[in-house]
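On a predicted model such as this, the values are computed, not experimentally measured, just so you know.
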Amino acid sequence: MTILRIPILCCWLATALLAAPEKHVRIILDTSQSMRGTRTEPANDPSGHALISVALLHDLARYELGPDGTFKVMPFDESPVSKCAETVPRNIAVPWLAPAASTGRDAFVKRILDLTYDAPCTYFQPYLEASLKDLESTRRAPEVKRIVILITDGLSDARDEAKLLGELAPRLAAASVELYVLAFGRTATQNEAFFRPIFRFNELSGVTGALLADPTGAQLVQNMIRIFEFGFGYRSEEVAGSGLDLRAGTEQRHVAVVAVYDPPRMPAFSLQGPGGRSVNLKSYLSTALGRVIPKATPVGAGKPISYGVLWVNGPEAGVHQFRDSVPPRRIAVLRPRNLRVELARDAQDVAMVGAQMSLTVTVKPADGGSGDPGEVDLGFRVFAVRSGNEYRYTPSGDWLPAASPSKGVFRPGVGRVYEIRPEFQDAAAFSTPPQNGKWWDGYIEVRATSGHTTLALLDKGQHQVRIYPRLILHPDPPTATAMQGSSASIQAGADGCAQFRFRVEGTGLRSGDYNVSADLDEKLLVGPLRGARLRLNGIDIHQWANGRRIRGIKDRGLEVCITSPKHTAGGRNLKLPLRFNLWATDDDPYRRLDVVRPFTLDASLDPVSWQQRLKPLVPLLLLLLLLALLLAWLRYSLGFPPDFRTALAEGSVPGLPQPRALASPALWQALWSFQLPRPVSSIQGKLLGEVVPLLTDLYGFRPAGEFRQVTTARAKGEVLVPREQEGELLLAANEFYQVKGASGTAVQHIRLEFKPEEPKAGQR
């Protein structure tokens, strides 16, 4: 049962081979006779599962090796010997097996599956030595993956194996070569006890990699998760059922679907996209059919398996359907991670010795997709003062992590965004003045990793910055209390002031005259500070936004004043931080650097009492009273006389009408106008119109309803009353008028009258 799990194990290991842009894989394959069995030992692999696993690794790695990547296999030496040596052979003559460009995949897989288990001896050091030397000839870079996978079922036949492997281990670590040992069969536990203390996997100064000892297969999934997530940076899962989520919430360039059949059959499965749509396949279905190894002992003990690998280009989001007439024993989905790392377009290109920068880094799918690339571990490091291929300033530690949240924040259409905070600390490299007299050259590198795998590096390789001498201006004191005279409590409408000066740190100050800009966050002027005014050196703080020239800045004292609002509830120890910026010229790099520390003004405001709040309203109240008196006078002057009356009669010849007072105007009319209209109604209460005062003894009449014409009786007959404007007639006091309806019949008579004022003595 253990040996049946090897293809799935290798399937998981192959996930690791898909992650990096360039990979070099070396597989050492134990083809010793113990794999097929001998007269004294039963077979550990009578069905060639190790062989088919190597073929599966190739099929999963072939599209992710990169254009310069390589994949090679070295089986054990099958040269016949009469007896295995007790010491490790120094040289081996076994050639590497690699897929040829001319014959392609099928010929290579067939060659692997045709290998026999006829090697008489088991040694490890010569093959690991050959793998290391071969990998040392490949390009070494953080993004290049160099891996050795040892597949074995037995223990070494040499007594000096442990000593030689102990000498080899630090060389593997120094060359950044990872080692994974797959130990299976009856001696798996013994293999673990043998290899682990030698290679000290993932310990300090140990070899990066893992040892998977699994005699029963009980810990297979846990071991694989460790390798995939921390060793190779893959996203992988074993699927139950026929519904496959190929993307799993992330953007994928391509995905591999692996089906393992036990008992074996020639795979012929297909995939159907979400909604029944067809899928975009990268290549044909790659298959391999297992067989019983010749000379297996005991005969008939083998249980061969087969597999199929189908690569899907740019899978859609949603559930894909796996279709086959006979369901496989296992289905696995392998998701390579192809990413790109970019800095924001406006990334800062200036730095200062001893000051922390803040840069935004975006991780996105390498092919430009807008989906989530998934979480990665983002790291950065800095270098400076290059001399040839060397740097005088190098980081003292390893790659530093991104700021919190360390896993970044996904922004749709942008990618997963991280913040890094590089810093070029004060060091001997910056003690010598820059060659150009202005700045040193600096470099920032960024990488995205998962476990021990580098998934992507900064798209430009390095982000170059100019590092300027340290210059920090510290307000002295950094915090001061605003004082109104000798009091720390500022009365409403009064000024409170505080003084400070700048203390200079560093050598970057080139002269004493600089432009200084000052800024205060307006969001702070709320509550008791609403309406407060701040001034720097007597000038409103807003007028400092674009900078003002200060001569002799390190010797010049500055004064900050606050004017307390005239309406405030008061408050104690209110903090007002002022932010500054400093530059000598418009292209001064210090303008983009945080070189001036903030100054905080501490203000305590006295509350305003209700008497003080009402005091400004007294002039307004007096003005309103004066206006009210004026309105009353105007109403009296422009209104009706107190004894104003109307005399009404009906018929063609009026009788002696009885004068009566007019009705009072409506309230809304009294508030709206000085010329208060009064309604005029007939004896029966029918509205004839409205009268408004115009001038002394002259009134305006506005007929209502059916009444349209008003005339006056003169010596020579009726005369139409003149119109002042449309709809309003001019009537004189104590004059007799006829009000006629639309038919022209005189129906009403009206006279407006009041008793004229008696002239005083001596007046005419």
Side-chain angles (χ1 to χ4, degrees), residues 352 355-356 358 470-506 508-509 512-584 588 590-609 612-613 616:
M352 184 171 62
Q356 197 173 73
S358 178
R470 184 171 179 80
L471 173 60
I472 300 293
L473 269 66
H474 300 274
D476 187 16
T479 300
T481 301
M483 304 291 292
Q484 181 185 347
S486 60
S487 175
S489 296
I490 307 172
Q491 297 178 354
D495 292 340
C497 300
Q499 292 76 35
F500 71 96
R501 64 177 62 248
F502 285 117
R503 176 172 52 85
V504 180
E505 175 191 347
L509 194 67
D513 300 341
Y514 275 83
N515 288 329
V516 175
S517 63
D519 177 47
L520 175 71
D521 189 351
E522 293 290 337
K523 295 179 181 179
L524 298 175
L525 298 180
V526 295
L529 290 171
R530 185 182 300 278
R533 290 181 56 229
L534 257 73
R535 300 183 306 282
L536 178 61
N537 280 6
I539 301 173
D540 191 277
I541 198 66
H542 298 98
Q543 298 181 28
W544 286 83
N546 296 320
R548 287 181 171 271
R549 195 74 170 175
I550 296 182
R551 299 189 180 278
I553 189 168
K554 65 179 181 179
D555 302 318
R556 179 81 175 271
L558 301 177
E559 183 179 59
V560 178
C561 295
I562 180 173
T563 301
S564 177
K566 294 183 178 180
H567 307 284
T568 177
R572 314 303 296 177
N573 302 119
L574 304 173
K575 307 298 183 183
L576 290 171
L578 290 180
R579 300 177 301 230
F580 300 96
N581 208 342
L582 178 77
W583 70 95
D588 194 328
Y590 289 107
R591 186 173 186 176
R592 293 187 286 162
L593 297 170
D594 182 20
V595 301
V596 188
R597 298 296 179 255
F599 169 79
T600 301
L601 183 67
D602 188 340
S604 296
L605 308 182
D606 285 343
V608 180
S609 64
Q612 292 175 307
R613 293 175 183 268

Q. Is the closest side-chain heavy-atom distance between Glu505 and Leu471 below 4.5 Å?
A. no
Q.
Tell me whether Gln491 at atom CD has more than 12 heavy atoms from other residues, nucleotides or ligands lying less than 6.0 Å away.
A. no
Q: Taking the side chain as every heavy atom from C-beta outward, state whether Ile562 and Leu574 have any atom pair closer than 4.5 Å.
A: no
Q: Identify the two heavy atoms, one from Ala584 and one from Asn515, that lie closest to each other, and give their separation to 0.1 Å.
A: O-ND2, 4.2 Å
Q.
Using every non-hydrogen atom in the two residues, find where Ala480 and Phe599 come nearest and quote the distance to one decimal.
A. CB-CZ, 3.7 Å
Q: Could you tell me how the ring of Phe502 sits relative to the ring of Phe580: parallel (under 30°), tilted (30 to 60°) or perpendicular (over 60°)?
A: perpendicular
Q: Compare all side-chain heavy atoms of His542 with those of Glu522 and state whether any distance is below 4.5 angstrom.
A: yes
Q: Could you pull out the closest heavy-atom pair between Gly493 and Lys566, with the gap in Å?
A: CA-CG, 4.1 Å
Q: Test side chain to side chain contact (heavy atoms under 4.5 Å, CB included) on Ile553 and Leu582 and set out the steps.
A: CA-CA 10 Å; Ile553 189 168; Leu582 178 77; 3.6 Å; yes
Q. Got a second to check how far Leu509's CG is from Tyr514's OH, nearest 0.5 Å?
A. 4.5 Å
Q: Evaluate whether atom CZ of Arg549 has more than 12 neighbouring non-hydrogen atoms of other residues, nucleotides or ligands under 6.0 angstrom away.
A: yes
Q) What is the distance from atom CD of Gln356 to atom CG of Asp594, rounded to the nearest 0.5 Å? A) 11.0 Å
Q: Among Leu578, Leu520, Val560, find the residue that satisfies the side chain to side chain contact (heavy atoms under 4.5 Å, CB included) test when tested with Leu601.
A: Val560
**Q.** Asn546 CG: over 12 foreign heavy atoms closer than 6.0 Å
**A.** no
Q) Atom CD in Gln543, atom CG in Asp540: separation rounded to 0.5 Å? A) 5.5 Å
**Q.** Worked verdict on Arg535 versus Thr563 for side chain to side chain contact (heavy atoms under 4.5 Å, CB included)
**A.** CA-CA 8 Å; Arg535 300 183 306 282; Thr563 301; 2.7 Å; yes
Q. Counting distance only, does the side-chain N/O of Thr568 pair as donor-acceptor with the main-chain N or O of Pro607 below 3.5 Å?
A. no
Q: For the pair Asn537 and Arg556, evaluate side chain to side chain contact (heavy atoms under 4.5 Å, CB included) and give the outcome as yes or no after the intermediate values.
A: CA-CA 11 Å; Asn537 280 6; Arg556 179 81 175 271; 4.0 Å; yes
Q. From Leu593 CG over to Arg470 CZ, what is the distance, rounded to the nearest 0.5 angstrom?
A. 11.0 Å
Q.
Pairing donors with acceptors under 3.5 angstrom, does anything connect the side chains of Ser489 and Arg572?
A. yes
Q: Determine the minimum heavy-atom distance between Leu524 and Leu576, stating which atoms define it.
A: CB-CD2, 4.2 Å
Q. CZ/Arg533 to OG/Ser564 distance, rounded to the nearest 0.5 angstrom?
A. 12.5 Å
Q | Verdict with reasoning, Leu525 to Arg530, per side chain to side chain contact (heavy atoms under 4.5 Å, CB included) | A | CA-CA 5 Å; Leu525 298 180; Arg530 185 182 300 278; 6.0 Å; no
Q) Within the side chain of Thr600, is there an N or O that forms a donor-acceptor pair under 3.5 Å with the backbone of Thr479? A) no
**Q.** CG on Asp495 to CG on Leu534, rounded to 0.5 Å
**A.** 10.0 Å
**Q.** Cationic N near anionic O, under 4.0 Å, Asp513 to Arg551
**A.** yes
Q | Non-hydrogen atoms of Phe500 and Pro475 that approach each other most closely | A | CD1-CB, 4.0 Å
Q.
Keeping Asn581 on the side-chain end and Ser517 on the backbone end, is there a donor-acceptor pair under 3.5 Å?
A. no
Q: Grab the two heavy atoms, one from Arg579 and one from Asp521, that are nearest each other, plus how far apart they are.
A: NH2-N, 4.0 Å
